[in-house]
Chemist: 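Sharing a structure, written as C-alpha cells. Questions coming.
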Protein chains: 2
Amino acid sequence: MNDAATRENAGTRRSVSRAIEIVDTLARRGSLGVTDLAGVLDLSKSTVHAYLKTLEQSGYVVRDGEKYALGYELSLLGESVRNQSQLYQIARDEIDDLAAETGLYAHLTVVENGRGVNLYQAKGEDVGRYDYQTEKIQRPEPLHVTATGKAILASLSRERVESILDRHGLPQRTPHTITDRDALFEELAAIDERGYAYNDEEEVEGFRAVGAPICGQDGEVLGALSASGPTSILRGDFFREETRDAVTRTANLIEVTITMSNTFPSNS
Amino acid sequence: MNDAATRENAGTRRSVSRAIEIVDTLARRGSLGVTDLAGVLDLSKSTVHAYLKTLEQSGYVVRDGEKYALGYELSLLGESVRNQSQLYQIARDEIDDLAAETGLYAHLTVVENGRGVNLYQAKGEDVGRYDYQTEKIQRPEPLHVTATGKAILASLSRERVESILDRHGLPQRTPHTITDRDALFEELAAIDERGYAYNDEEEVEGFRAVGAPICGQDGEVLGALSASGPTSILRGDFFREETRDAVTRTANLIEVTITMSNTFPSNS
DNA sequence: TTAACTGTTCGCATATACGGAATAATACTC
DNA sequence: GAGTATTATTCCGTATATGCGAACAGTTAA
C-alpha cells in the first residue's frame with residue numbers, strides 16, 4: 001500500500017509535520033482562509049480546519065475575520081528562544097552601540113545546523129535609506145558567503161568545516177563568492193591569523209562587511225558579529241581600518257563580559 | 001472508555017497539541033533530555049522521541065548533545081510574524097527614538113485575544129540599570145493594568161470593552177490597580193477625552209508610564225505606545241508634561257506615516 | 001430567491017500514534 | 001577495563017486518532 005521511499009519519515013508524527021507546514025505557509029503568505037490553505041497544501045478543508053482550530057487554541061494562530069493568521073504568541077516564543085542564549089542577552093546592547101558608532105548595519109550571528117542565523121541586527125544612521133531586509137523570513141545563510149560566517153568557520157577545526165561543507169557545499173551568491181574549497185581554507189587560515197574577516201560583495205553585490213568571532217573562555221567559538229554597508233560608504237581606510245577596529249573592539253568587549261559573567265555570576 | 005468532558009477538544013488534532021506542549025515546555029525550562037521531558041509531560045520516552053525527531057526535521061528543535069532545545073528557526077519565525085504587521089515596521093524606529101529622547105523604556109503594544117502583547121520595546125539611557133524584563137517569556141498582560149492597554153481600551157466601543165472584561169476580568173496586580181468596572185470606565189472616558197493614559201504603579205510597584213493610542217485612517221485603533229520608568233525618574237513635570245508630550249508626538253508621527261504609506265503606496 | 005462563495009460539523013474506514021520491551025550508545029564505578 | 005548505571009533510540013501490535021467526503025450553516029452577489 002505504502003509507496004516506497006517513505007522510510008525517511010519513519011518514526012515521526014505526520015500530523016505535527018502538517019501543522020508546521022501550515023504555520024510555515026502562513027508565515028510566507030500572510031493570512032489565508034481555510035479554502036485557500038487547503039488548496040495550497042492539497043488537503044481537504046475539514047482537515048485544514050481541524051489543524052487551524054488546534055493551533056488557535058494554543059494561540060499560535062488567530063482568526064482575523066474570514067482569514068487565519070499567525071498569532072503574536074509565536075513572536076513572544078521566538079523572543080524567548082533568543083533570550084535563552086547568554087550571548088544574545090549580552091551582545092545585544094553592544095551591537096546597538098556598534099551600529100550607532102559606525103553608522104552601519106551591525107549583526108550578531110550564530111551557527112545552527114551548519115548555517116548562519118542572524119540573532120540580532122541593528123541599523124546605523126548612514127544606512128537608513130538602504131532597506132535590504134526585504135524578505136519576510138530571513139533565511140539562514142551558508143557560512144562561506146558572510147563575514148560572520150567566515151569568522152566562525154575560521155575558528156572551527158578543519159574537520160568541523162569539512163563536515164559543514166559536505167552538507168551544504170559552496171553555493172555561489174555573487175561573482176565574488178568563494179566557491180573553491182582550497183581557496184576557502186586559505187582565506188580561513190588568513191582570517192584566523194589576523195582575527196577578523198572581510199566580506200567583499202560575496203553575499204550581495206554592492207555590500208561589504210567586516211566580521212569578528214566571539215569566543216568563550218575555553219576558546220570555543222560562540223558566534224560572530226559584523227558591521228556592514230553599501231560599497232559607497234564602506235571603502236578605503238574607513239572599511240579597512242576604522243570599521244575593522246570598531247568590530248574587533250566590540251567582539252573583545254563581549255568576550256570579556258561573557259567571561260566575567262560566567263566567572264562571577266551576578267544575581268539569582 | 002473516554003472520560004467525559006472531552007467534548008471541548010472535539011475536532012482538534014491531539015498530536016499537534018502535544019507537540020506544542022513540548023515546544024512550550026522547552027521554552028519555559030530551557031533544554032531537556034528525552035527522559036526528563038517524558039517525565040514532565042507524563043508520556044512514554046518513545047512517544048516524546050518521535051515528537052522531537054519530527055520537530056527537529058523542521059528546525060523548530062535542535063539537538064544539543066544529550067539535550068534537546070528550541071531552534072533559532074523559531075526565532076526567525078517569530079520575527080516574520082511581527083514583520084507582517086505594518087504598524088511594527090513603521091513604529092519600530094520611532095520607538096527607538098522615543099526611548100533615546102526620553103531616556104526611558106518605550107513600548108509598542110497591540111491587542112490579541114483581549115490582552116496586550118508588547119510587539120517591540122526599546123531601552124533609554126536612564127533606565128539602563130533597571131532590568132525588569134526578567135521572565136523568560138513575556139506573557140500577554142490584561143489591558144487595564146498598563147498605559148498602552150488603557151489607551152487602547154479608551155479607543156474601543158463600550159461593547160468591545162465589556163466583552164473583553166467579561167473574558168479576562170480585572171485582576172489586581174498592585175494596590176493601585178483599577179479593579180472596579182465603573183471606575184475603569186470613568187478613567188477610560190477621561191483618557192479618550194485628553195488622548196493619553198497614565199499608569200501610576202498599577203502594573204508594577206515603583207513603575208510609571210504614559211501611553212497613547214495609535215489609530216488608522218478610519219479611526220480604528222491599531223495599538224498603542226508608551227514611555228515608562230521607575231518612579232524615581234518619572235515624577236513631577238517630567239512625568240506629566242515632558243514625557244506626555246514626547247509620547248503623543250510620537251504617536252501622531254506614526255499615525256501620519258501609516259496614513260501616508262497607505263495613501264501613497266511606495267514601491268513594489 | 002437563487003447561486004456561489006465562505007467556514008464548520010459529522011461519521012466512518014484506515015492509516016497512524018501510543019506504550020512497553022528490546023537495543024544501542026553513552027557515562028560513571030570500582 | 002569489565003561491569004553498571006545512565007542515557008537515547010528502534011521495533012511492533014493494537015487501540016485510536018486522523019483524514020476525507022458529504023452535509024450543514026452562514027454571507028455576499030446577482
Side-chain angles (χ1 to χ4, degrees), chain A residues 1-26 29-71 113 163, chain B residues 1-23 25-26 29-71 113:
Chain A
M1 296 303 171
N2 273 337
D3 285 354
T6 317
R7 278 294 141 258
E8 192 60 42
N9 299 340
T12 67
R13 289 305 87 123
R14 185 149 75 106
S15 10
V16 175
S17 299
R18 290 238 161 105
I20 291 174
E21 241 181 300
I22 289 177
V23 168
D24 286 346
T25 305
L26 288 175
R29 307 172 88 119
S31 62
L32 286 175
V34 176
T35 309
D36 290 338
L37 212 37
V40 171
L41 300 171
D42 203 39
L43 294 171
S44 74
K45 283 197 298 176
S46 53
T47 301
V48 171
H49 176 71
Y51 278 103
L52 288 173
K53 203 173 168 184
T54 308
L55 290 167
E56 192 187 9
Q57 280 182 356
S58 319
Y60 284 24
V61 155
V62 292
R63 269 178 47 194
D64 175 26
E66 292 224 322
K67 305 277 185 94
Y68 282 90
L70 297 182
N113 295 323
S163 100
Chain B
M1 295 303 170
N2 272 337
D3 286 353
T6 318
R7 276 295 142 258
E8 192 60 41
N9 300 339
T12 68
R13 291 302 89 122
R14 184 147 75 102
S15 4
V16 175
S17 298
R18 291 236 160 105
I20 292 175
E21 240 182 299
I22 289 177
V23 168
T25 305
L26 288 175
R29 308 170 87 118
S31 62
L32 286 174
V34 176
T35 308
D36 290 338
L37 212 37
V40 171
L41 300 171
D42 202 39
L43 293 171
S44 74
K45 284 196 298 175
S46 54
T47 300
V48 171
H49 177 71
Y51 278 104
L52 288 173
K53 202 172 167 184
T54 308
L55 290 167
E56 192 187 9
Q57 280 183 355
S58 319
Y60 284 23
V61 156
V62 293
R63 271 180 44 194
D64 175 26
E66 292 224 323
K67 305 278 184 92
Y68 283 89
L70 296 182
N113 296 321

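Numbers restart at 1 for each chain; the letters A, B, ... are given by sequence-line order, proteins then strands.
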Chemist: Any side-chain N or O of B:S44 below 4.0 angstrom from OP1/OP2 of C:dG19?
Modeler: yes
Chemist: State, yes or no, whether a side-chain contact exists between B:V40 and B:R29 at a heavy-atom distance under 4.5 Å.
Modeler: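 A side-chain contact under 4.5 Å exists here.
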Chemist: Applying a 3.5 angstrom cut-off to the pairing atoms, does DNA chain C sit in any stems of at least three consecutive Watson-Crick or G-U pairs? List them by first number.
Modeler: C:7-27 with D:4-24
Chemist: Tell me whether the OP1 or OP2 atom of C:dA17 has a side-chain N or O from B:Y51 closer than 4.0 Å.
Modeler: no
Chemist: Going through the checks in order, is the side-chain contact (heavy atoms from CB on, under 4.5 Å) test met by B:K53 and B:Y68?
Modeler: CA-CA 10 Å; B:K53 202 172 167 184; B:Y68 283 89; over 6 Å; no
Chemist: Please determine, for the side chain of B:L43, which listed nucleotide (C:dA17, D:dT18, C:dG19) has the closest atom?
Modeler: C:dG19
Chemist: Using only side-chain N and O atoms of B:R13, determine if any of them is under 4.0 Å from OP1 or OP2 of D:dG19.
Modeler: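 True: B:R13 side-chain N/O within range (under 4.0 Å) of D:dG19 OP1/OP2.
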Chemist: Closest heavy-atom contact between B:R13 and A:T54?
Modeler: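 Smallest heavy-atom distance, with atoms named: N-OG1, 2.8 Å.
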Chemist: If I compare all heavy atoms of B:S31 with all of B:A69, which pair ends up nearest, and what's the gap?
Modeler: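 Minimum heavy-atom contact is CB-CB, 3.6 Å.
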Chemist: Is there a side-chain contact between B:R18 and the phosphate of C:dC18, meaning an N or O under 4.0 Å from OP1 or OP2?
Modeler: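 Yes, because at least one side-chain N or O of B:R18 sits under 4.0 Å from OP1 or OP2 of C:dC18.
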Chemist: Treating primed atoms plus P, OP1 and OP2 as sugar-phosphate and everything else as base, which nucleotides of nucleotides 2-8 of chain C get B, S or - for protein heavy atoms under 4.0 Å?
Modeler: ----SBS
Chemist: Go through it in stages, so that I can follow the logic: the residues are A:I20 and B:Q57, the test is side-chain contact (heavy atoms from CB on, under 4.5 Å), and I'd like the CA-CA distance, side-chain angles, deciding distance and then a yes or no.
Modeler: CA-CA 10 Å; A:I20 291 174; B:Q57 280 183 355; over 6 Å; no
Chemist: Check the pair B:Y60, A:V23 against side-chain contact (heavy atoms from CB on, under 4.5 Å), reporting the backbone distance first and the verdict last.
Modeler: CA-CA 11 Å; B:Y60 284 23; A:V23 168; 3.6 Å; yes
Chemist: Name the residue closer to the 5' end of DNA chain C, choosing between A:A50 and A:V16 according to the nucleotide with the nearest heavy atom.
Modeler: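 Residue closer to the 5' terminus by nearest nucleotide: A:A50.
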Chemist: Let me see the working for B:L41 and B:T47 under side-chain contact (heavy atoms from CB on, under 4.5 Å), right down to the final yes or no.
Modeler: CA-CA 11 Å; B:L41 300 171; B:T47 300; over 6 Å; no
Chemist: A:V62 and A:G71: which non-hydrogen atoms are nearest, and at how many Å?
Modeler: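 Between these two residues, the closest heavy atoms are CG1-CA, 3.9 Å.
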Chemist: What are the two closest non-hydrogen atoms of A:S15 and B:S15, and how far apart are they?
Modeler: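 For A:S15 and B:S15, the tightest heavy-atom pair comes out as OG-OG, 3.2 Å.
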Chemist: From C-beta outward on B:R14, which listed nucleotide comes closest to its side chain: D:dC20, D:dA17, C:dG19?
Modeler: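 For the B:R14 side chain, the nearest candidate turns out to be D:dA17.
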Chemist: Quickly work out the B:L37 CG to C:dC18 C1' distance and round it to whole Å.
Modeler: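 Atom-to-atom, B:L37 to C:dC18, this comes out as 16 Å.
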